[in-house]
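Report on the structure given below.
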Amino acid sequence: MKASTHGAWGAACAAAAIWLAWGATHHAQPDPWAPRLVSETAPPAIDRGLREHDPPRPPRTDLAGEPFLRGSVIVRFRPGTSADAQRAILAQVDGAPERAPSYADFDIVAIDADADPEAAAARLDAQPDVAYAQARYRVYPRFVPNDPLYARQWNYPALDMERAWDINQGATAAITVAVLDSGVAFRPGIMRYQTRAFRLAPNGPIFPSLGTVEVPFAAAPDLIAPDRFVAPRDFIWETTTPFDLDGHGTHVAGTVGQLTNNSVGVAGMAFNVRIMPVKVIATMWDLIFRSPQQGTDDVVARGIRYAADNGAQVLNLSIGRLGPPAPVLREAVVYAVSRGAFVAVAAGNDFETGNRVERIAEFAPQIDGMVAVGAVGRDRQRAFYSNTGPYVELAAPGGNSRIGGASGAILQQTLDFDLVETFLRTPAQYRAPRFDAFTFDVLQGTSMAAPHVAGFAALLLQQGITAPAAIEAAMKRYATDLGPPGRDDQYGHGLINPRASLRGLGLAK
Amino acid sequence: MTWRAAIAAAICLLAPAPILAQTSEFMLRGFADVGSTTFAAEESFQAVLGSARGAVVGGGVEAVLPLRVFVSLRASRFRRTGERVFLLGRERFGLGIPTTVTVTPVELTGGYRFPGAGRLVPYAGGGVGWHGYRETSRFADGPENVHERFVGYQLLGGADIRITRWIGTAVEAQWTTVPDALGADPNSVARELAESDLGGATVRVKLVIGR
């Protein structure tokens with residue numbers, strides 16, 4: 001049983017504390033503690049069963065502390081701007097080009113570590129030769145781990161999925177869905193990492209370095225199948241092994257495409273698709289293991305471009321951030337949609353903490369082919385945490401533990417949080433994690449709603465609706481209107497209706 | 001006996017017809033026809049069935065009354081299978097779900113047969129029709145299929161060509177309107193494309209048996 005009632009929040013605080021205590025990374029630097037894959041194989045995955053009595057956890061929103069990195073900003077110069085002109089512009093903020101990242105049409109510019117990145121970005125943004133400049137905001141997973149197999153998955157009957165699956169049985173391997181997240185439990189292996197010491201809170205106890213640790217990984221048993229995963233990529237560690245060190249990405253991938261009708265565990269929306277794990281979010285263990293990147297805007301933007309360039313037709317972004325607008329992410333999504341990819345993004349879990357604008361979801365209404373997804377509970381009412389606003393376009397099951405307790409959240413297979421979140425114990429009990437043990441566990445959040453839409457998009461693609469804008473239009477046209485008649489800020493156009501969308505139009509009916 | 005009867009029938013059918021007699025006395029004959037209909041809801045039929053045009057087969061009876069008046073009762077059938085679709089603007093996305101449309105009009109037509117030259121008798125008429133419309137698709141629950149009947153009106157014109165005493169042929173053109181038959185359901189291509197008329201223009205060739 002999960003001991004902590006505040007695991008997600010604790011993870012968030014811990015990540016913030018690492019950043020506060022050690023100054024985190026000012027900008028990317030060569031990592032002398034780069035991890036090593038010491039074994040391509042590992043013992044079989046451990047099935048730790050169903051967790052149905054865990055107490056609900058509060059929604060996770062942005063971390064405390066500064067939401068962006070200091071010491072660098074993102075800049076995109078207009079085409080044709082000479083190198084001399086670029087240098088002159090950057091000189092205004094004492095900036096210098098740091099590096100040209102892969103899968104990016106922008107630059108990372110180093111600025112003084114004490115300078116205000118937002119002010120520097122604003123100054124650069126005002127230059128005519130600059131398309132945009134922005135601070136490097138951290139992006140976070142939008143989920144809420146929660147409590148308590150298909151009969152327990154109220155979310156699919158709520159969407160009439162059984163009749164939808166009559167029409168389209170989970171798409172096929174011709175469709176690739178990219179899960180841009182904390183990674184996915186997609187393969188076995190043993191990794192050797194160097195750990196660092198940290199504090200969970202500024203005045204809290206120090207958790208000592210564990211030195212060099214060898215950590216086992218396994219593929220999630222209810223997710224793995226031959227040729228299931230394509231083009232895995234890790235933009236946090238700059239590798240091709242996007243291991244999930246958190247559980248969020250694995251849970252999200254499960255809702256997109258958990259193996260179904262296989263007499264194991266639970267079901268997924270589009271259970272025959274291929275999954276492209278793209279790691280763009282750094283979680284607690286990534287930080288403890290000294291990842292060279294955090295999940296900043298530029299990292300996520302590169303992940304989006306990578307997915308689009310490598311054949312993903314659907315991108316799921318169960319991530320988000322607050323703060324100022326994120327043009328680098330907007331342009332990356334526009335690029336992905338222009339390459340024929342449909343994008344589903346979580347609308348945010350910030351309703352009860354100010355309902356601040358969710359910056360990745362914010363621009364979804366302006367992009368035909370991108371949908372911002374709010375969450376409903378099993379009562380088909382907006383979940384308590386789900387953001388409202390003009391950018392909410394559709395609603396899908398995200399779970400609501402206040403209606404029906406843990407069974408009101410979304411059940412999928414994921415990592416065993418007891419063996420992952422060891423940093424939530426006392427320093428004396430703190431030990432190395434393992435990522436080869438799995439449970440069926442419940443989470444809630446718009447992070448859980450978005451993959452329903454991503455999986456739904458995969459079904460529509462397989463059925464023949466191949467244009468991202470048409471996928472969005474089909475979803476909206478057949479959505480079940482909830483709340484006030486017509487589009488509204490709570491549910492957008494309503495709850496997705498996969499069966500009706502898959503059936504489409506007849507001549508007279 | 002059987003072959004003798006057949007020969008006798010053949011002689012009767014092939015004997016030359018007294019043309020004038022056709023307009024001065026009551027005659028009852030049957031006919032079968034085959035033709036091509038172009039539906040008024042052109043874009044809707046094109047979207048779902050891949051073509052706005054299709055073959056129609058029919059048949060009926062026709063009574064020629066004194067004073068060159070005729071009354072006919074005809075039933076026909078159009079049937080074609082296409083697929084359900086999604087439309088975004090003018091863009092069509094086929095969904096691979098087979099859907100079969102069957103149109104079965106029963107039409108009562110009255111008209112006038114003009115004095116002709118030789119074996120050719122032109123005619124024109126109009127009338128009312130009851131148009132059965134059936135649309136069934138795979139995966140549909142009962143109420144999601146359509147089985148309805150609508151009233152429409154038709155105008156037609158053509159020419160009879162008497163080949164033998166008992167056999168003739170005709171070429172006929174017909175315009176039909178069946179207003180407000182399509183597009184009532186919001187989940188229809190016809191609604192999307194603002195086409196509601198189940199009628200259309202038909203050209204057909206008839207084989208007429210009888211004097």
Side-chain angles (χ1 to χ4, degrees), chain A residues 160-172 174-175 272 313 337 340 342 367-371 393 456-481 485-486 493-494 496-509, chain B residues 39 41-50 52 80-103 133-141 143-148 150 178 180-193 195-196 198:
Chain A
D160 198 13
M161 281 310 297
E162 290 168 13
R163 291 204 305 158
W165 286 325
D166 281 347
I167 297 173
N168 190 309
Q169 292 214 344
T172 70
I175 308 294
N272 293 316
Q313 296 118 305
V337 172
F342 173 85
I367 301 174
D368 288 336
M370 178 189 193
V371 167
E393 296 184 281
F456 177 22
L459 299 181
L460 288 173
L461 263 164
Q462 185 72 56
Q463 199 67 34
I465 305 181
T466 50
I471 292 171
E472 178 174 344
M475 288 178 171
K476 287 178 175 176
R477 179 192 170 99
Y478 293 101
T480 304
D481 193 15
H493 292 265
I496 57 171
N497 186 342
R499 182 189 182 263
S501 302
L502 289 167
R503 261 193 101 232
L505 302 167
L507 203 156
K509 194 170 187 176
Chain B
F39 287 94
E42 208 166 338
E43 291 186 78
S44 301
F45 276 78
Q46 173 80 42
V48 174
L49 302 182
R80 194 170 188 130
T81 297
E83 63 177 331
R84 297 180 70 85
V85 298
F86 180 73
L87 301 178
L88 179 62
R90 309 311 291 181
E91 205 168 358
R92 170 194 181 275
F93 299 90
L95 299 178
I97 301 173
T99 188
T100 300
V101 170
T102 309
V103 184
Y133 180 87
R134 190 183 186 107
E135 184 175 337
T136 56
S137 58
R138 198 171 170 209
F139 307 119
D141 288 343
E144 293 173 330
N145 288 324
V146 186
H147 193 183
E148 290 182 276
F150 306 98
V178 188
D180 303 326
L182 303 173
D185 191 283
N187 202 32
S188 68
V189 169
R191 165 74 76 90
E192 196 88 349
L193 298 173
E195 294 178 318
S196 62
L198 183 57

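Hydrogens, waters and symmetry mates are skipped; everything else that's a heavy atom, side chains included, is used. In this text the structure is predicted, and so the values were computed from the model without any measurement. Numbers restart at 1 for each chain; the letters A, B, ... are given by sequence-line order, proteins then strands.
Annotation: side chain of B:Phe86 is not in contact with side chain of A:Gln463 (no heavy-atom distance under 4.5 Å).
For B:Gln46, the CD atom is densely surrounded, since the number of other residues' heavy atoms within 6.0 Å is greater than 12. Annotation: B:Arg134, atom CZ; neighbour count of heavy atoms from other residues, nucleotides and ligands within 6.0 Å does not exceed 12.
For the set B:Leu193, B:Ile97, B:Leu87, the entry with the most heavy-atom pairs within less than 4.5 Å of chain A is B:Ile97. Among B:Phe45, B:Phe93, B:Tyr133, the residue with the largest count of heavy-atom pairs under 4.5 Å with chain A is B:Phe93. In terms of non-hydrogen atom pairs under 4.5 Å with chain A, the most contact-rich of B:Asp185, B:Leu88, B:Leu49, B:Val101 is B:Asp185. Interface summary for chain A: among B:Val48, B:Asn145, B:Val146, B:Val189, the most heavy-atom pairs under 4.5 angstrom belong to B:Val189. Among B:Thr99, B:Leu95, B:Leu182, B:Leu198, the residue with the largest count of heavy-atom pairs under 4.5 Å with chain A is B:Leu95.
With a threshold of 4.5 angstrom between heavy atoms, A:Ala469 approaches chain B through its backbone and through its side chain. Only the backbone of A:Ser501 comes within less than 4.5 Å of a heavy atom in chain B; its side chain stays farther off. For B:Glu195, no part lies under 4.5 angstrom from a heavy atom of chain A. Using a 4.5 Å cut-off between heavy atoms, B:Ala181 does not touch chain A at all. Heavy atoms closer than 4.5 Å to chain B are found in the backbone of A:Leu502, but not in its side chain.
We find that B:Glu148 and A:Lys509 are not joined by a salt bridge, their nearest charged nitrogen and carboxylate oxygen being 4.0 Å or further apart.
B:Asn187 contributes atom CG, which lies 6.5 Å from atom CZ of A:Arg503 (distance to the nearest 0.5 angstrom).
Put simply, the side chain of B:Glu135 gets close to the backbone of A:Leu507: a donor and an acceptor are under 3.5 Å apart.
Considering every non-hydrogen atom in both A:Leu505 and B:Ser188, the closest pair reads CD2-N, 3.8 Å.
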